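The next block holds one structure in the form of structure tokens; read it before the comments.
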Amino acid sequence: MIIDCYDIKTEPIISMRDFYGEPKHILDICLIIFSKDIHTHLLNTYDCEEIGLLTACNGNIVIYKMNYKGTDIAFYLTGIGSAVASSMCYETSWLTGATKFIMFGSCGSLNREKTDGKFIIPTESYRGEGCSYYYAPPSDYIEIKNSAKLSAIFGELAVPYVAGKVWTTDSMLRETVGLVEKRRAEGCIAVEMELSGVQAVCDFYNLELYDFLEAGDVLESSGYEVEGLHAANHNLGKLYIALETALRL
């Protein structure tokens, strides 16, 4: 069973050294970006330097470095889904030395009244994916450890937000009426596809994760609304909130 996958009694067979050699130490802060539009905006707006390469048989992902108001910040375009995003986060830490990751993307709202017009700072995430069970003891939810610190930064920046539980799923096509109602009853206000896995990996390797979301689509028992998803995915406002957050870590 997947809940038996947390093995810290024996050593892993595969190491990052097998692929990348010794770890590097270039900078400390990295943005995890989901939007191709936001990624392109950074490349077109700032002087960006290639500092690493995430390699895979289906293509490579470049890690870039930029400078924002005197602070060096790395960024890369992540894959979607818990297992891929989690692996890329740890690989990036190995290749750059980054220990603080700011992840920001879109999500589906499970409570339009609470999320409308506000960013979402997750406090816990339901582990409805597989990756986290290899990195943390089994439990229904994982704590998002830096949610209070990020909330304080949002307060300082006067950014409207709501804090609450979210649900990480591996399959948006299996977000059934029954599961939506169950997560809502537990207090979840949004659903996304990476957080619990990335948080578990960051906890395991002593990395810091700061995550916030913007709701686009809305999931309710009465139906699905997708109209706001594109704007939530590519909103440049999220980028500058993330950059200002980086300066305060």
Side-chain angles (χ1 to χ4, degrees), residues 15-107 119 131 146 150 153-154 157 159 192-195 197-199 201-202 205-214 230-249:
S15 166
M16 283 290 109
R17 287 182 175 85
D18 297 322
F19 300 97
Y20 297 120
E22 293 303 308
K24 298 177 178 62
H25 301 279
I26 301 172
L27 41 63
D28 194 41
I29 300 175
C30 183
L31 307 183
I32 300 175
I33 295 174
F34 290 92
S35 164
K36 180 64 175 175
D37 289 1
I38 291 175
H39 186 263
T40 300
H41 173 81
L42 283 173
L43 293 177
N44 291 339
T45 306
Y46 296 92
D47 183 14
C48 299
E49 174 188 351
E50 181 178 329
I51 58 171
L53 198 64
L54 303 174
T55 59
C57 63
N58 62 343
N60 299 328
I61 297 293
V62 178
I63 306 169
Y64 292 98
K65 179 179 75 171
M66 58 171 285
N67 188 277
Y68 182 72
K69 297 183 178 180
T71 298
D72 285 338
I73 301 172
F75 67 92
Y76 65 93
L77 187 64
T78 187
I80 293 174
S82 173
V84 176
S86 300
S87 175
M88 293 176 73
C89 176
Y90 180 49
E91 289 180 67
T92 299
S93 176
W94 188 275
L95 289 168
T96 67
T99 61
K100 299 180 177 70
F101 288 85
I102 303 171
M103 185 166 74
F104 54 103
S106 66
C107 64
F119 291 99
C131 182
N146 289 307
L150 186 57
I153 291 172
F154 271 46
L157 295 173
V159 174
E192 52 76 64
M193 296 186 66
E194 292 82 23
L195 180 55
V198 177
Q199 183 68 63
V201 166
C202 286
Y205 292 112
N206 296 313
L207 307 174
E208 296 179 23
L209 178 65
Y210 299 86
D211 180 80
F212 67 96
L213 301 161
E214 182 174 359
H230 183 273
N233 281 334
H234 304 297
N235 175 17
L236 283 177
K238 292 201 303 292
L239 168 62
Y240 287 96
I241 292 169
L243 289 170
E244 289 297 321
T245 296
L247 300 182
R248 290 160 172 80
L249 297 183

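Worth saying up front: this structure is predicted, and the values here are computed from it rather than measured.
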Do you know the tightest heavy-atom contact between [X] and [Y]?
| X | Y | answer |
| --- | --- | --- |
| Glu192 | Leu195 | OE1-N, 2.8 Å |
| Leu95 | Ile26 | O-CD1, 3.8 Å |
| Ala242 | Ile102 | O-CD1, 3.4 Å |
| Ile38 | Asn235 | CD1-O, 3.6 Å |
| Val201 | Cys131 | CG2-SG, 4.3 Å |
| Ile51 | Ala74 | CD1-CB, 4.1 Å |

No-hydrogen, no-angle side-chain donor-acceptor test under 3.5 Å, Asn233 and Ser35: no
Do Asp28 and Thr99 have side-chain atoms, one donor and one acceptor, less than 3.5 Å apart? yes
Check for a donor-acceptor pair, side chain of Asn146 on one end and backbone N or O of Leu209 on the other, with a separation under 3.5 Å. yes
So, does Ser93 use its side chain to make a donor-acceptor pair with the main chain of Ala98 at under 3.5 Å? yes
Please confirm whether Phe212 and Phe154 have ring centers closer than 6.0 angstrom. yes
Is there side-chain contact between Phe101 and Thr92, with heavy atoms separated by less than 4.5 Å? yes
Pairwise side-chain contact, Tyr76 with Leu31, heavy-atom cut-off 4.5 Å (strictly under): no
Measure up the Tyr240 and Tyr46 rings against each other and bin them: parallel (under 30°), tilted (30 to 60°), perpendicular (over 60°). tilted
